[in-house]
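Since the structure comes first, as structure tokens, the remarks are kept for the end.
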Amino acid sequence: MTNKNPSRGDIDPYARMRQVPGFTLRSADIQDGEPLPAEQYAEAAGGSNRSPQLSWADFPAGTKSFAVTCFDPDAPTGSGFWHWAVANLPASTHELPAGAGALAGTPGGALLPAAATTMPNERRERAFTGAAPPEGTGVHHYWFVVHALGVEHLDIDPDLTPAVMGFMMRDAVLARAVIVATGEFRQAD
């Protein structure tokens, strides 16, 4: 699981998975290899818990849906930390606005397509939770990934974990687009 790209950290969470082509992923908020802005940090770390704007293009012609995930393999848990996981984004979805990962019923909570399924993150919230690396754990790498899938719908229990979602979609992934941003311990102001 060692990463061949040093700017993406020591751990590549996709190294042992079936290798698939990439496609274009852009963001107005985060950049590959660059530190996360304050807005993408958790409130406890002085941030806004706001998911970044993401847009994608050049995915395979056979794409029938998308999934979006954010994972920190550097979290000191032995199993990483899932910040966000959304399945069943229609193939017509090519962008998520900033804040689309907000809890339903809060500002931004209605920015995902109606068909989308947000899985509970590690905090057991159906939302994006921002970065909050513990003090003394160094630089963390936040893998924002858009998965192009060859199925229209993942038949998944919405109470299951993002790890189970990854297992259930593994054979349907046609391509993967990745931005890896970094973050370190921050004191809330």
Side-chain angles (χ1 to χ4, degrees), residues 3 5-14 22 24-57 66-87 89 93-113 116 118-147 161-163 165-166 176-189:
N3 193 358
N5 183 342
S7 70
R8 292 186 168 180
D10 293 335
I11 302 170
D12 178 348
Y14 299 98
T24 304
L25 178 58
R26 294 186 177 93
S27 176
D29 298 321
I30 60 172
Q31 304 304 315
D32 197 58
E34 297 295 322
L36 289 169
E39 293 82 11
Q40 276 71 54
Y41 274 81
E43 290 172 1
S48 302
N49 255 351
R50 189 182 78 173
S51 59
Q53 180 274 343
L54 300 171
S55 59
W56 52 94
F66 295 99
V68 174
T69 58
C70 177
F71 180 69
D72 171 9
D74 302 308
T77 64
S79 61
F81 192 98
W82 289 98
H83 287 262
W84 194 27
V86 181
L89 292 165
T93 306
H94 302 155
E95 178 175 8
L96 294 179
L103 280 168
T106 64
L111 295 176
L112 289 173
T118 303
M119 308 304 292
N121 60 33
E122 299 289 353
R123 297 176 50 87
R124 304 307 296 154
E125 298 169 335
R126 294 181 194 286
F128 172 82
T129 189
E135 189 170 8
T137 60
V139 175
H140 289 232
H141 297 82
Y142 297 87
W143 288 69
F144 290 86
V145 181
V146 177
H147 311 263
T161 66
M165 182 182 99
R176 207 175 273 122
V178 179
I179 293 176
V180 180
T182 61
E184 296 185 68
F185 173 75
R186 290 174 46 115
Q187 291 245 200
D189 295 333

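What you see below is based on every heavy atom in this structure, not just the backbone, and it leaves out hydrogens, waters and symmetry mates. Please read these numbers as outputs of a predicted model, since none were measured by experiment.
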Give a yes-or-no answer on whether the side chains of His94 and Ser55 include a donor-acceptor pair shorter than 3.5 Å.
no

Could you pull out the closest heavy-atom pair between Gln53 and Ala28, with the gap in Å?
OE1-N, 2.7 Å

Within the 4.5 Å heavy-atom criterion, are Gln40 and Asp29 side-chain neighbours or not?
yes

For a quick test of reading the model, state the closest non-hydrogen atom pair linking Ser27 to Ile30 and the distance between them.
OG-N, 3.1 Å

Atom OG1 in Thr93, atom CG in Leu54: separation rounded to 0.5 Å?
12.5 Å

As an exercise, state the distance from CG of Leu112 to OG of Ser51, rounded to the nearest 0.5 Å.
7.5 Å

Atom CD of Glu43 and atom OG1 of Thr129: how far apart are they, to the nearest 0.5 Å?
8.5 Å

Tested for side-chain contact (heavy atoms from CB on, under 4.5 Å) against Val68, the lone hit among Phe128, Phe144, Trp84 is Trp84

Do Pro37 and Arg50 have side chains that approach each other closer than 4.5 Å (heavy atoms only, starting at C-beta)?
no

So, for Phe66 and Trp56, is the gap between ring centers shorter than 6.0 Å?
yes

Looking only at heavy atoms, which two atoms of Ala42 and Ala132 are closest? And how far apart?
CB-CB, 4.0 Å

Nearest heavy-atom contact between Ala127 and Ala102 is CB-C, 4.1 Å

Taking the six-membered ring for Trp, is the centroid-to-centroid distance between Trp82 and Phe71 below 6.0 Å?
yes

Compare all side-chain heavy atoms of His147 with those of Thr69 and state whether any distance is below 4.5 angstrom.
yes

State, to 0.1 Å, how close Leu36 and Tyr41 come at their nearest heavy-atom pair, and which atoms those are.
O-CE1, 3.7 Å

State, with a plain yes or no, whether a side-chain heavy atom of Phe81 is found less than 4.5 Å away from one of Pro76.
no

I want to check something: taking the side chain as every heavy atom from C-beta on, are Glu125 and Leu103 in contact at a cut-off of under 4.5 Å?
yes

Given Thr182, Ile179, Val180, the one that forms side-chain contact (heavy atoms from CB on, under 4.5 Å) with Arg8
Val180

Can you tell me if His83 and Asn121 form a side-chain donor-acceptor pair at under 3.5 Å?
no

Could you pull out the closest heavy-atom pair between Met165 and Ala67, with the gap in Å?
CE-CB, 4.1 Å

For the pair Arg126 (side chain) and Thr118 (backbone), establish whether a donor and an acceptor sit closer than 3.5 Å, ignoring hydrogens and angles.
yes

Do the ring planes of Tyr14 and Trp143 sit parallel (below 30°), tilted (30 to 60°) or perpendicular (above 60°)?
tilted

Between Asp74 and Thr137, is there a side-chain heavy-atom distance shorter than 4.5 Å?
no

